[in-house]
Amino acid sequence: MTVKLDFEECLKDSPRFRAEIEEVQNDVSELETRLEKLVKQCQAMVEASRAYCQTSKSFVNGLRELGHHCSGDAMMEGCLEKFSKTLSAILEGQGELIETMQSVKTKLQTFVKEDVRRFKDVRKEFERSSECLEGAQARNAQAPRGKQHEVEEASNALLNARRGFRSEALDYVLQINVIEAKKKTDILMAMLSLMEAQSHFFQHGHQSLSELDQYRQKLNEEHTQFVLNSAREKRDMEQRHAAVKKKDISYDDSIMDFNADAANGIAMEGYLYKRASNAFKTWSRRWFSIQKNQLVYQKKFKEQPTVVVEDLRLCTVKNSTENERRFCFEVVSPSKCCLLQADSERQQQAWISAVQSSIASAFQEHREDTHSPRQRCSSVSAGPLGGVGGGAGGAHQEGQGPKALEEVQAIPGNKQCCDCGEPGPDWASINLGITLCIECSGIHRRSLGVHFSKVRSLILDSWEPELIKLMCELGNTVINRIYEARIEEMTIKKPHPSSSREEKESWIRSKYVEKKFIQKLPVTGRNVLLLRRSSAVKTRTMTAPRPPLKPKPNRATLPRLTDRCVSSRVESQRPGAKEQCECSKSSKLLLTEVEEPEEDLSGLHPGALLYRSAALQNFPIMADALAHGADANWVNVAEESSTPLIQAVSANALAACEFLLQNGAHVNQADSNGRGPLHHATILGHTGLVCLFLKRGADYNAKDKNQKDPISIAVDNANADIVTLLRIAKMNKEMREMDGAFGQPGDETYQDIFRDFSHMASNNPEKLKRRSADFRF
C-alpha cells in the first residue's frame, strides 16, 4: 500500500502539504459523486434484470407447454425440453448475477454512507482547528513587545491551537491514508465478485468474457496479495501513527533544518512574516525558501516563487530591534531592504544563520569557479606591438576584484565605511573615491543616482587599472575632510553602523546632494577668472612634438587637505585674514615650480581651481573644487578655451583624467584650436591617455583647425604605439558596423591590446615613453 500523505510533512503544514490535502479532498468529492451515480445505475440494472428474469421464466413455461403439446414428435419434444432446461439453467445463473449486483450495490452504498461521511467529519475538525491556528498565529504575531501579559496570553493560545491542530492533522492524514486503502480493497472486491458472477453466467455462450479469464485470474491473485500487504502495512501505519502522536507536538517551532546540499536545491524553507514596502507597511505570512543562491517566497505551492534577493553574495543579514514586533531581522542588498519576522527567537536565529551560511556557500562556489572572468589574474606579456602582448593567446582579464579590495582598503580610512563607519566595506563610489558598506552603497545607488555617485563592488565587479589607481589617490579620510568639514562646529551626529536606514539616507543626502557640511566659499571668490599667464605655453605646430614638462614632483610634496584645509583657505580670503592654510601655501609653492611664480589658489573660482589642480595632479584640491560646484568642463577662455581635462593631459596625469571623466568631463570637448583631449595626448605622445580616451569613446576622426585628425598627427610624430591604437580602434569599429545590429562588442585582439596598454600605463608608464624617430609607414 502506498502512503498518500506522510505524518512528518503534515506537522510542517507547508504549502506542499496544503496542496496535497486539497488534491485529496477534490479526489474524494469526485469519487463520492461517481459512486452515488453508480449505485443508482446498479439499482436500475437489478430491477431491469428481475423484470427480464420474470419474462424469461414465462417464456420458458411457454416452451415447456409447447413441448407437451408436441409430445407425439420425439425430435420436437426433445429439442424444446433441452432448450427449456438450458434456459432454466441460464435463468438460475441470471438470478445469482442479480444477487451479486445487489451485493455490489450494498458495498458501494456502505462505502459512501460510512467511510466517506467519516472522512468528511474528520475534515471538518481539521479545517476548524486550522482556522483556530491561523487566528492564534496572527494574534501571537501582533502581540506588542511591551505588553508582557498579552504576549504570554497570545503564546499560550498559540500553543494550545497548534497542539489541537497537529493532533487533528495527524488524524486527518490517517483517515486520508485509510480511505485511500479502503477505496481500493472495497471497489476491487465488489468488481471481482461481479466478474465471477458474469463469468459463470456466460460460461456456456459468450466468448468475450472467456478472453478475460487469464486477466481475471491474474487480478484475483494480485488482489489476494494486495489484501495481505494492505493488512500488514495498515498495522505498521497504525503503529507509526501511535508513535508520532506520543511525541510532544505542542512546541512552537516548525521543523526546519538547513541543508546546503539538499537534493531538491532548497537549502532552507519555512513560514515568515514579510513587511510590505508600500505606504501601509502591512505584514503578510509567506512560505520562504533559500534556493539557487536566492531568497524567494510564495503564497501557494504551485505559484511561481517571488524573488526577494537575486544573489545572496550581494546582501547581508542582521537583527532588527527597531520594530514593535518581535523576532524581526533584515536582509539588506544594494537595491532593497527586506524586513522579515519569524515565529520565535529560535526560528529567527535559524534563518539568520541559514542566510549567512548561504552567503558563504555562494562565495565559495564563486571562488571555485575557475572559468569566472573575475578570478583570472591580469598579466602583461611582451609582444611585437610595442611591448604589448598581441593576439588572443596573450589575453588577460581586467577582473581584479580581490586585488582592488586589497589595494583600495589599504588607503587610510578605507577600512571603514565612509558614511557610517561599518568595518570591512567592499563597495566603492568611483567618482567620489570612497569605500562603502553594502547598505550605504544601496542608498547611494537608489537615492543619489549616477550623477552624484557611481557605485561598484570591490569584489564582484571588474576593475580597470586606472580606476584602481584613481581610488588609491583619494580615500575616505580625504573626502570626509571636505564633505564633513563643518560637522564639529555644527555639532551634528554622524550615523553609526547600527543606525536605521532612514537616518543613513538622510545623512548621505545632506552630505553629498545638499552639501550642508562643506566649507562655503566667500562671495569674493565666486567670479574670479583665470587670466593668461605670461609664461603660458605657445601654440605648437603639428610636426614638432611638444617639449616635455618638468618632472612631476614627489607625491609627498603635493598639498594634501588637512582637517582645517578648506576652512583655512576660505578664512584667508576674508578681510583681515593674516594667514593661509598649509594647502594653499603648498599649492602656491608647487605652482611656482611648474608654471608661474607666486600664483595664489585661494581666491580662484571653483572651475579655475579645478583647472589648476588638474595640471598639478592634486586630487584633494580637485575633489574640493568639485564639491564646491566646479564644472568638470569649465573653459578657460584666456588659454585657448582649454579645459581641466586638457590640463591633465598636458601633465600626463592618467588618474586625474579618469577622475574628471568619472565626474562628467566630456572626452571630445575641444579647445579654440579644435583640439580635444585625444589630439593633445597624441601630440604629446601620451600613449596611456590615448588608450584611455579611446576606451571612453573619443572621436579619432575629429579634425582640428589645421584639418589634422589624431591618426595623421601620430603618423607625423612617428609614434608607432599610438598609430597602432588608433588604427586598431578604427578597424574594430568598422568591423562592428559591418556585423550590423548583431555584431560582437569587439574583436578579442582589440580588447587584449587595449587591456595591455591600460595595465602598462597604470603600472609601468616608463615603458610607454619610448619614441620611434626612424619609424616609417
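Predicted, not measured: the structure shown is a model, and the values here were computed from it.
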Hey, is the main chain of Glu23 close enough, under 3.5 Å, to the side chain of Asp27 for a donor-acceptor pair? no
Can you name the side-chain contact (heavy atoms from CB on, under 4.5 Å) partners of Lys147, sequence neighbours left out? Pro144, His149, Glu150
For Cys53 and Gln94, the nearest pair of non-hydrogen atoms, with its separation, is SG-CG, 2.9 Å
Exam field: side chain Ser167 to backbone Gly164, donor-acceptor pair closer than 3.5 Å: no
Over all heavy atoms of both residues, which pair between Tyr172 and Val122 is shortest? Give the atoms and the distance, please. CA-CG1, 3.5 Å
Quick check: do Leu97 and Leu194 have side-chain heavy atoms less than 4.5 Å from each other? yes
Smallest heavy-atom separation, Pro305 atom then Gln298 atom, equals CA-CB, 4.3 Å
If you compare all heavy atoms of Ser193 against all heavy atoms of Val104, which two are closest, and at what distance to 0.1 Å? OG-CG2, 3.9 Å
Is there a side-chain contact between Leu158 and Arg139, using heavy atoms and a 4.5 Å cut-off? no
Would you call Ser155 and Asn140 a side-chain contact if the rule is heavy atoms closer than 4.5 Å? yes
Within a radius of less than 6.0 Å around CZ of Arg145, do more than 12 heavy atoms belonging to other residues, nucleotides or ligands occur? yes
Donor-acceptor pairs are to be reported for all side-chain atoms of residues 126-136 against protein atoms at under 3.5 Å, with residues two or more places apart or in another chain.
unit_1: Glu127; atom_1: OE2; unit_2: Arg123; atom_2: NE; d: 3.1
unit_1: Arg128; atom_1: NE; unit_2: Glu125; atom_2: OE1; d: 3.4
unit_1: Arg128; atom_1: NH2; unit_2: Glu125; atom_2: OE1; d: 3.2
unit_1: Ser129; atom_1: OG; unit_2: Glu125; atom_2: O; d: 3.2
unit_1: Ser129; atom_1: OG; unit_2: Phe126; atom_2: O; d: 2.8
unit_1: Ser130; atom_1: OG; unit_2: Arg18; atom_2: NH1; d: 3.2
unit_1: Ser130; atom_1: OG; unit_2: Arg18; atom_2: NH2; d: 2.6

Looking at Met45, I want to see if its CE is surrounded by more than 12 non-hydrogen atoms of other residues, nucleotides or ligands under 6.0 Å. no
Parallel, tilted or perpendicular: ring planes of Trp287 versus Tyr271, cut at 30 and 60 degrees: perpendicular
With the side chain counted from C-beta on, respond yes when Arg16 and Glu269 share a heavy-atom pair under 4.5 Å apart, and no when they do not. yes
Contacts of type ring-ring contact (aromatic ring centres under 6.0 Å, His included), residue Phe111, not counting sequence neighbours: none
Using side-chain contact (heavy atoms from CB on, under 4.5 Å) as the criterion, list what pairs up with Glu32, not counting sequence neighbours. Glu36, Val112, Val116, Lys120
Heavy-atom pair with the smallest gap, counting every atom of Arg501 and Val332: NH1-CG1, 4.4 Å
Mark yes or no for whether Ser353, through its side chain, and Gln349, through its backbone, hold a donor-acceptor pair below 3.5 Å. no
Please round to the nearest 0.5 Å and tell me the distance separating atom CG of Leu35 and atom NZ of Lys37. 12.0 Å
Give a yes or no on whether the backbone of Glu99 and the side-chain of Ser103 come within a donor-acceptor separation of less than 3.5 Å. no
About how many Å separate NE2 of His241 and CG of Leu170, when rounded to the nearest 0.5 Å? 5.5 Å
To the nearest 0.5 Å, atom CZ of Arg326 lies from atom CG of Asp343 at 9.5 Å
Please check if the number of heavy atoms outside Lys57 that lie under 6.0 Å from its NZ is greater than 12. no
Do Asp186 and Lys107 come within less than 4.5 Å of each other through their side chains, counting heavy atoms only? no
Say you draw a straight line from CE of Met101 to CD of Gln43; how long is it, rounded to the nearest 0.5 Å? 9.5 Å
Would the number of heavy atoms belonging to other residues, nucleotides or ligands and lying under 6.0 Å from CD of Gln54 be above 12? no
Partners passing side-chain contact (heavy atoms from CB on, under 4.5 Å) against Ser284 (at least two apart in sequence or in another chain): Arg286
Mind checking what makes side-chain contact (heavy atoms from CB on, under 4.5 Å) contact with Glu502, not counting sequence neighbours? Ser500
Candidate pair Cys328 and Leu339, rule side chain to side chain contact (heavy atoms under 4.5 Å, CB included), full reasoning: CA-CA 7 Å; Cys328 293; Leu339 184 61; 4.2 Å; yes
Heavy-atom distance under 4.5 Å between the side chains of Gln239 and Asp236, does that happen here? yes
Pairwise side-chain contact, Leu108 with Cys42, heavy-atom cut-off 4.5 Å (strictly under): no
For Glu310, is there any backbone N or O sitting under 3.5 Å from a side-chain donor or acceptor partner on Gln294? yes
Leu192 CG to Ile187 CD1 distance, which is reported to the nearest 0.5 Å: 13.5 Å
If we only count heavy atoms from C-beta on, is the Trp351 to Leu272 side-chain gap below 4.5 Å? yes
Do Gln348 and Asn319 meet the criterion of a side-chain donor-acceptor pair at a distance under 3.5 Å? yes
Output yes when Asp121 and Arg118 qualify as a salt bridge under the 4.0 Å nitrogen-oxygen rule, no when they do not. no
Basic-acidic side-chain contact under 4.0 Å: Glu439, Lys318: yes
Rounded distance (nearest 0.5 Å) linking atom CD of Gln137 with atom OH of Tyr273: 5.5 Å
Go through the side-chain N and O atoms of Glu221 and Gln225 and say whether any donor and acceptor fall under 3.5 Å apart. no
